[in-house]
Amino acid sequence: MKYIITGVSGFVAGHYIEYILKKNPRDRIVGIDITEPKPEFSRRFHKNKINFHKKSVLEKAWISNLIKSENPDYIVNLASYSSVAASWQ
């Protein structure tokens, strides 16, 4: 299976990726986030060959091209702000 996961550098995504790869270590993950993953997640990304893109989900043309080129089985949107105040800004 192939996944595109937005918000891949976040807390929830890190645990979700662990779950996915525990079920099937050969699954491919393409991760998108506006921030680099923390070092502990980066090590896992390199180990499992997770393809990371530092991009915004607001870049519609880029996202559209990525979806077309990767042809994922699943798209999981975990991109968000955990602070309600920050989300309104």
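What you find for Phe52 and Thr35 is that their closest heavy atoms are CZ-O, 3.4 Å. Between Pro37 and Ser9, the shortest heavy-atom contact is N-OG, 3.2 Å.
With contacts defined as side-chain heavy-atom distances shorter than 4.5 Å, the pair Ile5/Ile50 does not qualify. Taking the side chain as every heavy atom from C-beta outward, Ile4 and Ile63 never approach each other to under 4.5 Å.
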Which atom pairs, donor and acceptor, lie under 3.5 Å between side-chain atoms of residues 54-62 and protein residues at least two apart or in another chain?
{"unit_1": "Ser56", "atom_1": "OG", "unit_2": "Leu58", "atom_2": "N", "d": "3.0"}

Pairs of donor and acceptor atoms involving the side chains of residues 70-79, under 3.5 Å and at least two apart or interchain, shall be tabulated with distances.
{"unit_1": "Glu70", "atom_1": "OE1", "unit_2": "Lys2", "atom_2": "NZ", "d": "3.2"}
{"unit_1": "Glu70", "atom_1": "OE1", "unit_2": "Arg28", "atom_2": "NH2", "d": "3.3"}
{"unit_1": "Asp73", "atom_1": "OD2", "unit_2": "Lys2", "atom_2": "N", "d": "2.8"}
{"unit_1": "Asn77", "atom_1": "OD1", "unit_2": "Thr6", "atom_2": "OG1", "d": "2.5"}
{"unit_1": "Asn77", "atom_1": "OD1", "unit_2": "Ala79", "atom_2": "N", "d": "3.2"}

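For the ring pair (Phe, Tyr, Trp, His ring centres under 6.0 Å) test, no residue two or more places apart in sequence or in another chain qualifies with Tyr16. In this structure Ser64 satisfies the side chain to side chain contact (heavy atoms under 4.5 Å, CB included) test together with Lys68, sequence neighbours excluded.
Cluster membership for Ile32 and Tyr3, using ILVMFWY side-chain heavy atoms within less than 4.5 angstrom, is not shared.
Met1 contributes atom CE, which lies 8.5 Å from atom CG of Asn24 (distance to the nearest 0.5 angstrom).
Separation of the His15 and Tyr19 ring centroids does not fall under the 6.0 Å cut-off.
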